[in-house]
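Owing to the predicted nature of the structure, the values given are computational and were not obtained by experimental measurement. Each chain gets a letter, A, B and so on, in the order its sequence line appears, and its residues count up from 1.
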Protein chains: 2
Amino acid sequence: MKRNTWQREAVREALDASEGFVSAQTLHDRLKHTGSQIGLATVYRALADLASGGDADSLQQDGESLYRACTPGSHHHHLICRNCGLTVEIEADAVEQWAHSVAAEHGFTEAHHVVDVFGLCAACTAKAAAGELRD
Amino acid sequence: MKRNTWQREAVREALDASEGFVSAQTLHDRLKHTGSQIGLATVYRALADLASGGDADSLQQDGESLYRACTPGSHHHHLICRNCGLTVEIEADAVEQWAHSVAAEHGFTEAHHVVDVFGLCAACTAKAAAGELRD
DNA sequence: CGCCTACTGATAGTCATTCTCAAACTCAGC
DNA sequence: GCTGAGTTTGAGAATGACTATCAGTAGGCG
């Protein structure tokens, strides 16, 4: 049986309140700083549950998993600012179809795909142009 | 100055000889078993060099980095069998353009993208149909 | 209210990857 | 072929993300 605990809710809320993708460690820190006495292991567990339940998306970057709240049940991809982390959910029917047809072409079945676009958002592009980015 | 060492060559060859993506650890084991007294750190260094030089592609799966020799200089994506690891390089002009236009639409610049398709290759699909896969 | 059991959390453990630094090696120049 | 300078190597330690452990806690159904 699945129980409701304040910890799970706290993780869900902290994730909802995040702009872009956050790591489990970051989320844990954030929760601690807002007064929650939640354990690291619990944050990992809650995030894994959220992700497997479709309430969060996850991606791996630089050896750590990043999570983000997402529209449950909908299949979409992400456009992520590599500087500020701003994330935009994007529809990609064309890519869905392309993925399936390419897979079929090569005899592959049960195709899943990983499609993410990283770039600099408008604001960060402006900053970059002004020479304010270390990148 | 970049020096040529047998270790670097050994890693390159082992990578070339691999069918699909392999982890640094696996490659290290393989080299050890073929008699090379190469160190793990060196394998990591060589792979990182290869990847940054465009001679190898890398992707992260399940917390570890996988590498694969690839056509130098060409931009392409991968179709990977999640059962046997068979990898097919695929061209994806349509996706390239889609990625750029989506990014531009949202004001993003310098768009990079991660596009990989995972599935079951023809052979593994057949096996799956025959109920021979644990998946 | 009380029991059963899932959940929590501090900590230890695991595992991939990187760091450290002395020794070995490559290679340009002689 | 030899030498010297500076890069590369490698064994093991260090790091850091994540998971397992397990006793204690607390949902939720009766």
Side-chain angles (χ1 to χ4, degrees), chain A residues 1-15 18 20-53 55-69 80 82 85 114 116, chain B residues 1-15 18 20-53 55-69 80 82 85 114 116:
Chain A
M1 180 205 313
K2 207 79 171 178
R3 289 178 182 173
N4 291 327
T5 60
W6 65 264
Q7 288 96 333
R8 232 179 269 269
E9 274 312 301
V11 170
R12 183 189 293 270
E13 276 170 28
L15 200 60
S18 301
F21 280 84
V22 282
S23 70
Q25 309 269 350
T26 304
L27 211 56
H28 178 234
D29 277 357
R30 199 169 294 175
L31 284 162
K32 280 278 183 117
H33 287 149
T34 59
S36 298
Q37 267 311 110
I38 195 170
L40 178 59
T42 304
V43 174
Y44 275 103
R45 275 187 291 243
L47 286 174
D49 280 358
L50 248 25
S52 77
D55 292 338
D57 279 334
S58 71
L59 63 85
Q60 302 199 308
Q61 193 179 47
D62 196 40
E64 66 181 350
S65 293
L66 303 181
Y67 296 86
R68 179 166 189 277
I80 304 153
R82 95 171 72 91
V114 176
D116 286 303
Chain B
M1 181 205 313
K2 206 80 175 178
R3 289 178 179 173
N4 291 327
T5 60
W6 66 263
Q7 287 96 332
R8 235 178 268 267
E9 273 313 299
V11 170
R12 183 189 293 269
E13 276 170 28
L15 200 59
S18 300
F21 280 84
V22 282
S23 69
Q25 308 268 351
T26 303
L27 210 58
H28 178 234
D29 277 356
R30 200 169 293 173
L31 284 162
K32 280 279 183 118
H33 287 151
T34 58
S36 298
Q37 268 311 109
I38 195 170
L40 178 58
T42 304
V43 174
Y44 275 102
R45 275 187 291 243
L47 286 174
D49 279 357
L50 249 26
S52 75
D55 292 338
D57 280 333
S58 71
L59 61 85
Q60 302 199 309
Q61 194 179 48
D62 198 40
E64 66 181 351
S65 294
L66 304 181
Y67 296 85
R68 178 165 189 276
I80 304 153
R82 94 171 71 90
V114 176
D116 286 302

From T26(B), I38(B), T42(B), residue fulfilling side chain to side chain contact (heavy atoms under 4.5 Å, CB included) relative to L31(B):
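The side chain to side chain contact (heavy atoms under 4.5 Å, CB included) with L31(B) is passed solely by I38(B) among T26(B), I38(B), T42(B).
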
Figure out the [atom1]/[atom2] separation between [X] and [N], and round it to whole Å.
| X | N | atom1 | atom2 | value |
| --- | --- | --- | --- | --- |
| D29(A) | dC18(D) | CG | P | 13 Å |
| Q60(A) | dC15(C) | CD | P | 17 Å |
| E9(A) | dG27(D) | CD | P | 13 Å |
| K32(B) | dT9(D) | NZ | C1' | 13 Å |
| L47(A) | dT8(C) | CG | P | 12 Å |
| E64(B) | dT14(C) | CD | P | 18 Å |
| Q37(A) | dT25(D) | CD | P | 15 Å |
| L31(B) | dT9(D) | CG | P | 13 Å |

So [X], base contact, sugar-phosphate only, or nothing? Heavy-atom distance under 4.0 Å.
| X | answer |
| --- | --- |
| Q7(B) | sugar-phosphate |
| S65(B) | sugar-phosphate |
| L40(A) | nothing |

Between the opening five pairs and the closing five pairs of the helix from dC1(C)-dG30(D) to dC30(C)-dG1(D), how far apart are the helix axes, to 10°?
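For the helix from dC1(C)-dG30(D) to dC30(C)-dG1(D), the axes at opposite ends meet at about 40°.
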
Any side-chain N or O of Y44(A) under 4.0 Å from OP1/OP2 of dC18(D)?
yes

Starting from the 5' end of DNA chain C, give me the residue, D49(A) or S23(B), whose nearest nucleotide shows up first.
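Upstream on the strand: D49(A).
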
Roughly how far, to the nearest 0.5 Å, is the [atom2] atom of [Y] from the [atom1] atom of [X]?
| X | Y | atom1 | atom2 | answer |
| --- | --- | --- | --- | --- |
| S65(A) | F21(A) | OG | CZ | 11.0 Å |
| R45(B) | L50(B) | CZ | CG | 14.5 Å |
| I80(A) | L59(A) | CD1 | CG | 5.0 Å |

Hey, does [Y] have a side-chain heavy atom less than 4.5 Å from the side chain of [X]?
| X | Y | result |
| --- | --- | --- |
| Y67(A) | L15(A) | yes |
| V22(A) | L66(A) | no |
| T5(B) | R8(B) | yes |
| Q60(A) | E64(A) | no |

Any protein N or O atoms within reach of nucleotides 28-30 of chain D? Criterion: under 3.5 Å, listing atom names and distances.
{"residue": "dG28(D)", "atom": "OP1", "partner": "N4(A)", "partner atom": "N", "Å": "3.3"}

Quick one: does R45(A) reach the base of dG9(C) with a side-chain donor-acceptor pair under 3.5 Å?
yes

With the side chain of R8(B) defined as its heavy atoms from C-beta on, choose the nearest nucleotide among dT9(D), dA11(D), dT8(C).
dT9(D)

Proximal nucleotide (of dG10(D), dA16(C), dC18(D)) relative to the A41(B) side chain
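Nearest to the side-chain atoms of A41(B), counting from C-beta on, is dG10(D).
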
Donor-acceptor side-chain pairing of R30(B) and S18(B) below 3.5 angstrom:
yes

For a quick check under 3.5 Å, do S58(A) and R68(A) share a side-chain donor-acceptor pair by atom type?
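Not at all, the side chains of S58(A) and R68(A) share no donor-acceptor pair under 3.5 Å.
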
